[in-house]
There are 2 protein chains.
Amino acid sequence: MDKLDLKKLAKELNLSPSSVSRALRDSHEVSRETKERVKALAAKWGFQPNPHASSLRQNKSKTIAVIIPEIQNNFFSQVLNGVEEIAKEKKYHVLIYLTHEDAERENEILNLLRNGRVDGIMISVSNTTIEYDHLEACRASGMPLVFFDRILEEVKVPRITSDDEEASFRATELLIKRGAKKIAFLSLSDSLSICKRRYAGYARALNKHQLTSYQKTVECDAVDSSNREKIHALLAGEERPDAIFAAVEKLAVNTYEVCKELELKIPSKLKVISFSNLSAAALFDPPLSTIIQPSYEIGKKATDVLFKLIEKKVLLPNDKRVALSSTIVERKSTSK
Amino acid sequence: MDKLDLKKLAKELNLSPSSVSRALRDSHEVSRETKERVKALAAKWGFQPNPHASSLRQNKSKTIAVIIPEIQNNFFSQVLNGVEEIAKEKKYHVLIYLTHEDAERENEILNLLRNGRVDGIMISVSNTTIEYDHLEACRASGMPLVFFDRILEEVKVPRITSDDEEASFRATELLIKRGAKKIAFLSLSDSLSICKRRYAGYARALNKHQLTSYQKTVECDAVDSSNREKIHALLAGEERPDAIFAAVEKLAVNTYEVCKELELKIPSKLKVISFSNLSAAALFDPPLSTIIQPSYEIGKKATDVLFKLIEKKVLLPNDKRVALSSTIVERKSTSK
DNA sequence: CTGTTAGCGCGTTCAA
DNA sequence: TTGAACGCGCTAACAG
């Protein structure tokens, strides 16, 4: 069983390679009969055209890249589900790259993708990304590029996010309604778009309710142990908050861990709400109130827009800047 | 800024394309000086060889495929972390495919991968996979192939798993030691390798402790709602078990949900233990005892072995059949 | 509708 | 150590 190629099929069928090629790709300029003969033999032999030859010739790879900070995160894995769904429909392949929240690695990955390996790129930037030359260069080169969730304002490409500011505002108001007066904000990075927007919503709610006398942010990072220390310091120190707004899921988990350690009761001593797509949040002790992002839809929409770019379709105004609605699910961690 | 290629570099440097090609790939048959000149310009211009041309010529893609049932699963996303780690070292790219537990889709994906798109494949089979022609054909074609976690006995390729039988035995003994007498087993599919092995460990423990008079299996699937119904029927019916062994994480979550609904107290009325790689299991109400698989290590080892296959290195006996140890973490859900 | 020709960009001959 | 020539497998352009 040697290597198959178009020529061998062509010889067997007494056709030229180009006809076989056309038939396999459903060209209109080939007879139905020929198409059927070709497809029958191709199926019988299990033949598929060599994708590299095809990519080289057509100058497209039928592949997209998804770059995310980490995979062990429900939000991103749900996004990937949406991406895969659309890619499958388009018969595209999906390459995945992890930055591990490292801007340098992110830069390297973008470099790897500069020479035609993929037809388009979707990225959620790392929390250490401040310089944006690599992304701007990518955009400028004409590579279809889309941001999702974590964006860079400076780089003018479509951005598919959720309504972070508004959802955060509502979540903070919920804490206030339940009696919180000193609400601390746990952030992943001051420079990260989602954290900025989430902070803005939090701050707006404090302003509205004249609770700005206590306005404290703890900037965390990707390392659980140091996050726990910072949260520990916050909760064991003077001027302890009576509520916590966690900008990302892992910080809520860290908060719960510290509360266990300190035997600080949630929600009586501390209310907690967090962005989270963890379905098991309802099983926590106590059940965690969450702001749930429409992750699957973000993945689908971002991929959709990416394909519009790839296919050089015109983008509608609401393709360029999409903010899908999050859902707040109140549970016991925020009750009075 | 038009397309770069070897020729343009060559012209600029007054070299032939072949010398440039050689220099970039660190061939020994090119002078150090030339190498440096070439690399300097390549770096300056941000040049990278077209991967499709290169793949076509060399007949290798520098890409591997990972096929998993679902991504929204801590085990698989941790595995991917390990895969990415090794692939990065090898300067390989990673394509990801989801079967959504559908054997037909699995078959299609394997077909997509038959003609050189990837140099190797890692797969954890779907829970509906019974026929194995597609995998056997893949193996027979010479494609490097490795199973991880969920395997098919019949297909003779390396398999990297965890010590399911032994870990399940120990977990079941733990339930027994804590007083359980009627232990039910929640399975994802009777035909799935991991479930068979986990069941075997469970059954062996029951045998050893002469508790076989109650030996009940509930076969679940990928749909949460129907799983909850089945578990509900089990827990609300006659001959309720006093403990549950969940073969996979999601079934433990479903069990907790049903217990909440039925107001059935864990662990006093029902003890629960489960395979799970969810770090937040410690925050559950009550904290869930878990059997933690070495997912990251499985990902690394499987990728490692896959690269040995790709590089045609000899496999050591303990590359062909690896069973890494799981860890049991006892928490409140199994206490007396 | 089908065949012929040429070339995508690279890496490997083989010759110098 | 370098260059010239060829071909990987496919498909676009052109011709019939």
Side-chain angles (χ1 to χ4, degrees), chain A residues 1-39 41-42 45-63 91 93 112-119, chain B residues 1-39 41-42 45-63 91 93 112-119:
Chain A
M1 175 135 131
D2 349 59
K3 286 271 162 58
L4 293 174
D5 61 24
L6 279 184
K7 259 188 248 171
K8 294 202 181 97
L9 285 220
K11 184 170 286 180
E12 177 80 9
L13 294 163
N14 278 318
L15 282 168
S16 71
S18 41
S19 293
V20 176
S21 171
R22 283 188 278 247
L24 288 175
R25 300 186 313 104
D26 255 334
S27 162
H28 52 272
E29 48 175 42
V30 76
S31 73
R32 227 161 63 82
E33 196 206 7
T34 304
K35 243 182 235 181
E36 279 165 13
R37 283 177 59 216
V38 171
K39 287 189 176 172
L41 187 63
W45 285 5
F47 172 76
Q48 284 193 252
N50 180 311
H52 305 300
S54 173
S55 292
L56 177 59
R57 189 60 237 254
Q58 304 193 95
N59 204 24
K60 59 186 186 126
S61 60
K62 300 281 265 176
T63 306
K91 301 198 189 293
H93 302 257
L112 286 178
L113 266 20
R114 291 179 68 151
N115 224 314
R117 188 177 294 274
V118 297
D119 296 344
Chain B
M1 173 137 132
D2 352 55
K3 287 272 161 58
L4 293 174
D5 60 23
L6 279 184
K7 257 187 251 172
K8 295 203 179 93
L9 285 220
K11 185 170 285 179
E12 176 80 10
L13 294 162
N14 278 319
L15 281 170
S16 69
S18 37
S19 293
V20 177
S21 170
R22 283 189 275 246
L24 288 175
R25 304 191 311 107
D26 257 335
S27 162
H28 52 272
E29 47 175 43
V30 77
S31 72
R32 224 161 65 82
E33 196 205 7
T34 306
K35 244 183 236 182
E36 279 164 14
R37 284 177 59 217
V38 171
K39 287 190 176 175
L41 187 65
W45 285 5
F47 172 76
Q48 285 193 251
N50 180 310
H52 302 119
S54 168
S55 292
L56 176 60
R57 188 59 237 257
Q58 303 192 95
N59 205 23
K60 62 188 184 124
S61 60
K62 302 278 263 177
T63 306
K91 301 198 190 293
H93 302 258
L112 286 178
L113 266 21
R114 291 178 68 150
N115 224 313
R117 186 176 295 274
V118 297
D119 296 344

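Throughout, a chain's letter reflects where its sequence line sits, starting with A, and its residues are numbered from 1.
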Return the value, rounded to whole Å, for the distance between atom NZ of A:K62 and atom P of D:dT11. 11 Å

Scan A:T34 against the nucleic acid and name what it touches under 4.0 Å (heavy atoms): base, sugar-phosphate only, or nothing. sugar-phosphate

Do you know which two heavy atoms are closest between B:G116 and B:S61, and how far apart they sit? O-CB, 3.8 Å

Please report the distance, rounded to the nearest Å, between CG in B:L6 and P in D:dG3. 13 Å

Toward the 5' end of DNA chain D, by each residue's nearest nucleotide, A:D5 or B:V30: B:V30

Checking A:S19 now: which residues fulfil side chain to side chain donor-acceptor pair (under 3.5 Å) with it, not counting sequence neighbours? A:S16

From CZ of B:R32 over to P of D:dT2, roughly how many Å is that when rounded to an integer? 13 Å

Residues passing the side-chain contact (heavy atoms from CB on, under 4.5 Å) test with B:E29, sequence neighbours excluded, are B:R22, B:S27

Rounded to whole Å, how long is the line connecting atom CD of B:E33 with atom P of D:dT1? 12 Å

Heavy-atom contact window of chain A on DNA chain C, given 5' to 3' at under 4.0 Å: C:dC1 to C:dG9

Consider side chain to side chain contact (heavy atoms under 4.5 Å, CB included). Of A:L9, A:L4, A:D5, which one does A:K7 pass it with? A:D5

So if I take the C1' atoms of five pairs at each end of the helix from C:dC1-D:dG16 to C:dA16-D:dT1 and get each local axis, what angle do the two axes make, rounded to 10 degrees? 30°

Considering residues at least two apart in sequence or located in another chain, which fulfil the salt bridge (Lys or Arg N to Asp or Glu O under 4.0 Å) criterion with B:E36? B:R32

How close or far is atom P of D:dG9 from atom NZ of A:K60, stated in whole angstroms? 22 Å

Whole-Å gap separating P (D:dG9) and CG (A:L9): 13 Å

Please confirm whether the shortest side-chain N or O distance from A:Q58 to OP1 or OP2 of D:dA12 is below 4.0 Å. yes

ring-ring contact (aromatic ring centres under 6.0 Å, His included) partners of A:H52, counting only residues at least two apart: none

From NZ of B:K35 across to P of D:dT1 the rounded distance in Å is 9 Å

I need the residues from residues 13-27 of chain A with at least one non-hydrogen atom less than 4.0 Å from DNA chain C; give them sorted by number, or say none. A:N14, A:L15, A:S16, A:S18, A:S19, A:R22

Rounded distance (nearest 0.5 Å) linking atom CD of A:E12 with atom CG of A:L41: 5.5 Å

With sequence neighbours excluded, what pairs up with B:K35 under the salt bridge (Lys or Arg N to Asp or Glu O under 4.0 Å) test? B:D26

Hits for side chain to side chain donor-acceptor pair (under 3.5 Å) against A:N115, two or more places apart or cross-chain, chain-then-number order -> none

Can you measure from CZ (A:R117) to NE2 (B:H93) and round to the nearest 0.5 angstrom? 3.0 Å

Once side-chain contact (heavy atoms from CB on, under 4.5 Å) is applied, do any residues pair with A:S21, and if so which ones, sequence neighbours excluded? A:L6, A:R25

So, for B:L24 and B:P49, which heavy atoms are closest and what is the spacing to 0.1 Å? CD1-CG, 4.5 Å

Do you know which two heavy atoms are closest between B:A53 and B:N50, and how far apart they sit? N-OD1, 3.0 Å

Holding to side chain to side chain donor-acceptor pair (under 3.5 Å), I want the full list of residues that pass it with B:R37, two or more places apart in sequence or in another chain. none

Would you tabulate the nitrogen or oxygen pairs shorter than 3.5 Å linking the protein to nucleotides 6-8 of chain D?
{"residue": "D:dG7", "atom": "N2", "partner": "B:R57", "partner atom": "NH1", "Å": "3.3"}

